[in-house]
Amino acid sequence: MLKNDEYFMKKAIEMALQARKEGNEPFGAILVKDEEIVMIGENKINTFCDPTHHAEIGLIRRFCSENNVFDLSEYTLYTSCEPCVMCSGAMVWSTLGKMVYSVSHDQLAEIAGSNIMIACREVFEKSPHKPNVVEKILNEEGLKVFEGYKFQE
């Protein structure tokens with residue numbers, strides 16, 4: 001099977017659905033190196049009672065800690081939604097090579113309402129390290145994850 005951006009994004013979207021089923025916000029992420037998934041992550045803010053446990057930063061923390069690495073320049077992170085400021089910052093500090101997302105922050109703002117909505121590109125532009133970014137892969141499938149979902153206010 002061809003392992004391309006769509007293949008891996010499908011997995012990240014599956015993780016978002018899993019997070020939703022477990023009572024967390026519907027966000028998922030996959031870390032890939034050499035066309036192999038090396039770690040999966042999902043939002044667990046309610047599970048861990050931790051408002052910072054987003055899919056991306058939870059995955060980065062765990063992978064780096066378990067593998068004793070700081071440099072993710074050879075890795076690609078697939079995320080079901082454009083990352084927030086906090087998660088984008090973690091991508092900078094871990095020198096992530098590439099990040100691919102499905103749903104944009106503008107689309108999420110329409111669904112979730114107002115929040116800290118700063119595009120990841122804005123964070124990356126002001127940072128010493130700038131991951132390559134691929135936008136809106138499997139966008140329609142990513143948007144379906146939010147159908148009928150109500151964000152906490």
Side-chain angles (χ1 to χ4, degrees), residues 3 5-33 36-67 69-70 72-113 115-124 127 129 131-152:
K3 293 182 178 178
D5 286 346
E6 288 79 10
Y7 172 86
F8 291 114
M9 184 57 68
K10 185 173 191 241
K11 302 289 184 188
I13 290 169
E14 288 172 8
M15 293 309 302
L17 290 167
Q18 179 68 29
R20 183 175 174 172
K21 282 183 203 163
E22 292 176 5
N24 294 293
E25 290 188 343
F27 301 100
I30 303 289
L31 189 64
V32 173
K33 183 178 182 188
E36 295 298 323
I37 296 171
V38 296
M39 182 138 314
I40 58 174
E42 62 189 74
N43 181 290
K44 290 193 178 278
I45 63 169
N46 294 325
T47 299
F48 295 153
C49 197
D50 177 358
T52 69
H53 204 287
H54 294 187
E56 303 93 340
I57 202 166
L59 180 154
I60 291 169
R61 281 181 189 147
R62 195 167 120 228
F63 183 80
C64 290
S65 178
E66 288 179 8
N67 294 280
V69 297
F70 284 96
L72 298 182
S73 59
E74 296 180 15
Y75 295 80
T76 300
L77 193 147
Y78 292 85
T79 179
S80 61
C81 194
E82 183 173 357
C84 72
V85 173
M86 175 183 67
C87 292
S88 296
M91 292 173 196
V92 170
W93 299 126
S94 63
T95 63
L96 182 69
K98 179 180 172 185
M99 187 268 297
V100 182
Y101 68 82
S102 177
V103 177
S104 74
H105 79 279
D106 287 340
Q107 291 173 309
L108 181 62
E110 287 180 28
I111 296 165
N115 205 322
I116 304 172
M117 291 296 176
I118 298 171
C120 64
R121 284 194 186 276
E122 194 173 334
V123 174
F124 297 155
S127 300
H129 175 74
N132 293 324
V133 177
V134 179
E135 304 172 345
K136 291 187 168 182
I137 299 297
L138 297 182
N139 188 245
E140 288 181 27
E141 291 88 335
L143 287 168
K144 285 180 185 171
V145 171
F146 298 102
E147 287 180 0
Y149 185 81
K150 298 287 184 220
F151 282 90
Q152 296 176 0

- Under the side-chain contact (heavy atoms from CB on, under 4.5 Å) criterion, do Lys11 and Met15 qualify, and how do the steps go? CA-CA 6 Å; Lys11 302 289 184 188; Met15 293 309 302; 5.7 Å; no

- Does the pair Cys64 and Leu72 meet the rule for a side-chain contact (heavy atoms from CB on, under 4.5 Å), with working shown? CA-CA 8 Å; Cys64 290; Leu72 298 182; 4.1 Å; yes

- Show the numbers, then the answer: is there a side-chain contact (heavy atoms from CB on, under 4.5 Å) between Ile60 and Leu96? CA-CA 9 Å; Ile60 291 169; Leu96 182 69; 5.7 Å; no

- Task: Could you please spell out the steps behind the side-chain contact (heavy atoms from CB on, under 4.5 Å) verdict for His129 and Trp93?
- Result: CA-CA 8 Å; His129 175 74; Trp93 299 126; over 6 Å; no

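With sequence neighbours left out, the salt bridge (Lys or Arg N to Asp or Glu O under 4.0 Å) criterion links Lys136 to no other residue. Residues passing the side-chain hydrogen bond (donor to acceptor under 3.5 Å, both in side chains) test with Glu122, sequence neighbours excluded: none. Taking the side-chain hydrogen bond (donor to acceptor under 3.5 Å, both in side chains) definition, one finds that Glu36 meets it with Lys3, sequence neighbours left out. Judged as a side-chain hydrogen bond (donor to acceptor under 3.5 Å, both in side chains), and not counting sequence neighbours, Thr76 has no contacts. Judged as a side-chain contact (heavy atoms from CB on, under 4.5 Å), and not counting sequence neighbours, the contacts of Glu141 are Ile13, Leu138. Applying the side-chain contact (heavy atoms from CB on, under 4.5 Å) rule to Glu147 yields the partners Lys144; only residues at least two apart in sequence or on another chain are considered. Looking at residues two or more places apart in sequence or on another chain, you find a ring pair (Phe, Tyr, Trp, His ring centres under 6.0 Å) between Phe63 and Tyr75. Residues passing the side-chain contact (heavy atoms from CB on, under 4.5 Å) test with Arg61 are Asp50, Thr52, His53, Ile57, sequence neighbours excluded. Every residue two or more places apart in sequence or in another chain that forms a side-chain contact (heavy atoms from CB on, under 4.5 Å) with Tyr149 is listed here: Arg20, Glu25, Pro26, Phe151. For Thr95, the side-chain hydrogen bond (donor to acceptor under 3.5 Å, both in side chains) partners are Asp71, not counting sequence neighbours.
By the neighbour-count criterion of 12 heavy atoms within 6.0 Å, atom CD of Glu66 is densely surrounded, having more than that number from other residues, nucleotides or ligands.
The CD atom of Glu56 lies 3.5 Å from the OG1 atom of Thr79; values are rounded to the nearest 0.5 Å. Atoms NZ and OG, on Lys33 and Ser73 in that order, are 8.5 Å from each other to the nearest 0.5 Å. From Ser102, atom OG reaches atom CD of Glu6 across 10.5 Å, with rounding to the nearest 0.5 Å.
The main-chain N or O of Ala16 is never found under 3.5 Å from a side-chain atom of Ser80 such that the two would form a donor-acceptor pair. Side chain of Asn24 to main chain of Thr47: a donor-acceptor pair is present (N/O by atom type, distance under 3.5 Å, no hydrogens or angles). Of the possible polar contacts, none joining the His54 side chain to the Cys84 backbone as a donor-acceptor pair under 3.5 Å is found.
By the 4.5 Å heavy-atom criterion applied to side chains, Met99 and Tyr101 are counted as neighbours. When side chains are defined from C-beta on, Leu143 counts as touching Ile111, because their heavy atoms get closer than 4.5 Å.
Looking at every heavy atom in both residues, Ile30 comes nearest to Ile40 through CD1-CG2, 3.4 Å. The minimum heavy-atom distance between Cys87 and Pro83, with the atom names listed, is CB-CB, 3.9 Å. Among all heavy-atom pairs drawn from Ala55 and Asn43, the shortest one is CB-N, 3.6 Å. The two residues Gly23 and Asn46 come nearest to each other via the heavy atoms O-ND2, 2.7 Å. Taking each heavy atom of Cys81 and Ser104 in turn, the nearest pair found is SG-O, 4.5 Å. The two residues Ala29 and Leu77 come nearest to each other via the heavy atoms CB-CD2, 4.1 Å.
A donor and an acceptor atom, one from each side chain of Glu22 and Gln18, are located under 3.5 Å apart. For the residue pair Asn139/Gln107, the side-chain donor-acceptor check at 3.5 Å is satisfied.
Taking the six-membered ring for Trp and the full ring otherwise, Phe146 and Phe27 have centroids separated by under 6.0 Å.
For residues 82-97, the set of pairs meeting the salt bridge (charged side-chain N to carboxylate O under 4.0 Å, His left out) definition, not counting sequence neighbours, is empty. Sorted by first then second residue, the salt bridge (charged side-chain N to carboxylate O under 4.0 Å, His left out) pairs that include residues 87-101, not counting sequence neighbours, are Asp5-Lys98.
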